[in-house]
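Here the structure is laid out as structure tokens; the discussion comes afterwards.
These numbers were taken from a predicted model, which means no experiment stands behind them. Whatever order the structure lists them in is the order used to number ligands and atoms, beginning at 1.
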Amino acid sequence: MAQLDIKRRLPTDDLSEVEELLFAVERADGQRPLSDHLWIDLRQGGRPGYVGLLGWQPGHDHLVAYCQVSRENDSWALDLIVHPHHRYEMSNIGPQLLSEAINVIREAGGGHVHWWVYEPTDIHATLAESIGLHAGRTMLQMRVPLPITESASIETMPFRSGIDDEPWLAVNNAAFADHLEQGGWTTETLESRKREPWFNPNGFLLHQVGNELAGFCWTKVHLDTIPVLGEIYVIAVHPKYAGKGLGRALTAAGLTHLNRNGVTTGMLYVDADNSRAVGLYRSMGFTVHHHQRAFVGDVN
Ligand SMILES: CC(C)(COP(=O)(O)OP(=O)(O)OC[C@H]1O[C@@H](n2cnc3c(N)ncnc32)[C@H](O)[C@@H]1OP(=O)(O)O)[C@@H](O)C(=O)NCCC(=O)NCCS
């Protein structure tokens with residue numbers, strides 16, 4: 001890599017370059033790179049802990065590679081994106097950017113690091129090993145044709161901003177207490193999602209038992225994918241109400257809502273070892289579309 005720029009905030013020109021690279025990868029793979037958290041961190045100007053590493057090469061007027069480091073609760077998320085035309089150079093480009101990213105994390109005090117990779121190959125495993133990371137969790141993307149046969153059997157209401165925030169955070173954080181990315185959300189995390197252009201409270205379905213929030217199904221429509229994907233973005237039932245059929249009913253409610261809005265493919269991400277959720281989705285017709293793996297480790 002001839003030139004490597006390390007940025008803690010991205011000026012508009014650089015942001016456009018990064019977005020161009022991400023679109024080139026999305027066109028090649030049919031899948032937007034960067035996890036949701038990293039994407040929001042990038043688009044909303046970089047929060048504390050954000051570092052972007054931009055790799056350039058002479059003779060190429062586009063960004064060749066981009067590596068991002070973001071704070072995620074108490075750990076670090078890392079991603080590496082190489083331009084589709086330069087993937088044959090992955091074994092040169094990868095180690096340089098990744099080792100610089102690890103240095104950035106070390107200088108900021110170190111901590112637990114995870115790097116999510118779409119359909120990982122041996123090259124990714126070797127790169128991960130070269131920076132001291134090893135294979136960790138596997139995430140499945142599952143899809144289902146819509147409509148499903150099951151109809152929604154419970155009442156839901158749309159999320160009311162400013163009223164439902166606190167109860168929602170309480171249910172989310174209780175249900176995802178042990179989850180690295182989805183647990184420990186704060187008002188600020190929720191606000192950052194509300195600022196996203198896709199946010200639509202009508203697709204953020206809440207179910208109450210009495211006056212208490214018992215569970216929710218938050219959907220997100222990806223208008224820029226082919227086919228348009230209706231994602232179950234986050235779904236959870238408060239542990240107090242778990243195992244009573246609410247998870248199934250909320251999934252059906254979310255999928256029904258998406259289909260009523262013209263979406264014919266449902267999609268979600270789930271940890272491969274979340275057997276309860278995977279079993280539920282399979283029994284409702286979801287199948288695995290692809291998988292992603294986290295390479296994880298600790299930086300001193
Ligand atoms: C996943 C979750 C939403 C399911 O909600 P729930 O209300 O507990 O689930 P339900 O009562 O509707 O049961 C769903 C299915 O799981 C099965 N199930 C229930 N408990 C189970 C367990 N401990 N292990 C395996 N399967 C179980 C049920 O038999 C049911 O299958 P069936 O409908 O074919 O009988 C809920 O457990 C949850 O909030 N988990 C934490 C957050 C999470 O993991 N969200 C999903 C992220 S993708």
Check each heavy atom of [X] against ligand 1 and say whether those closer than 4.0 Å belong to the side chain, the backbone, both or neither.
{"X": "Leu268", "value": "neither"}
{"X": "Gln182", "value": "neither"}
{"X": "Tyr269", "value": "backbone"}
{"X": "Tyr233", "value": "neither"}

So between [options], whose heavy atom ends up nearest [atom]?
{"atom": "atom 38 (C) of ligand 1", "options": "Leu250, Val171, Val237, Leu140", "result": "Val237"}
{"atom": "atom 14 (C) of ligand 1", "options": "Leu280, Asn172, Ile235", "result": "Leu280"}
{"atom": "atom 8 (O) of ligand 1", "options": "Ala249, Gly279, Gly243", "result": "Gly243"}

Rounded to the nearest 0.5 Å, what separates atom [atom1] in [X] from atom [atom2] in [Y]?
{"X": "Trp168", "Y": "Ser161", "atom1": "CH2", "atom2": "OG", "value": "12.0 Å"}
{"X": "Asp164", "Y": "Leu213", "atom1": "CG", "atom2": "CG", "value": "7.0 Å"}
{"X": "Arg143", "Y": "Leu268", "atom1": "CZ", "atom2": "CG", "value": "10.5 Å"}

(Q) Looking at Lys220 and Asp36, is there a salt bridge between them, counting it only when a charged N and a carboxylate O are closer than 4.0 Å? (A) yes
Q. Does a salt bridge link Glu191 with Lys194, judged by any charged N lying under 4.0 Å from a carboxylate O?
A. yes
Is [atom] close to the protein, meaning a heavy atom under 4.0 Å from it?
{"atom": "atom 28 (C) of ligand 1", "result": "no"}
{"atom": "atom 23 (N) of ligand 1", "result": "yes"}
{"atom": "atom 35 (O) of ligand 1", "result": "no"}
{"atom": "atom 41 (C) of ligand 1", "result": "yes"}
{"atom": "atom 20 (N) of ligand 1", "result": "yes"}

(Q) With no hydrogens and no angle check, just 3.5 Å: does a side-chain donor-acceptor pair link Thr189 and Thr186? (A) yes
Q) Taking atom types as modelled, is there a side-chain donor on Glu72 or Ser70 under 3.5 Å from an acceptor on the other? A) no
(Q) For Glu119, I'd like to know if atom CD has over 12 heavy atoms of other residues, nucleotides or ligands within 6.0 Å. (A) yes
Q.
Under 4.0 Å from a heavy atom of Ala242: which atoms of ligand 1 are those, numbered in the order shown and with their elements?
A. 8 (O)
Q: Report, in ascending order of atom number, the atoms of ligand 1 lying under 4.0 Å from any heavy atom of Arg248.
A: 12 (O), 32 (P), 33 (O), 34 (O)
(Q) Looking only at protein heavy atoms, which one is nearest to atom 2 (C) of ligand 1, and what is the separation? (A) Arg276 CD, 4.5 Å
Q. Within 45° of the axis and under 6.0 Å from the centre of the six-membered ring of Trp116, does NZ or CZ of Arg293 qualify?
A. no
Q. Checking side-chain contact (heavy atoms from CB on, under 4.5 Å) against Leu63, which of Leu21, Ile81, Asp14 comes through?
A. Leu21
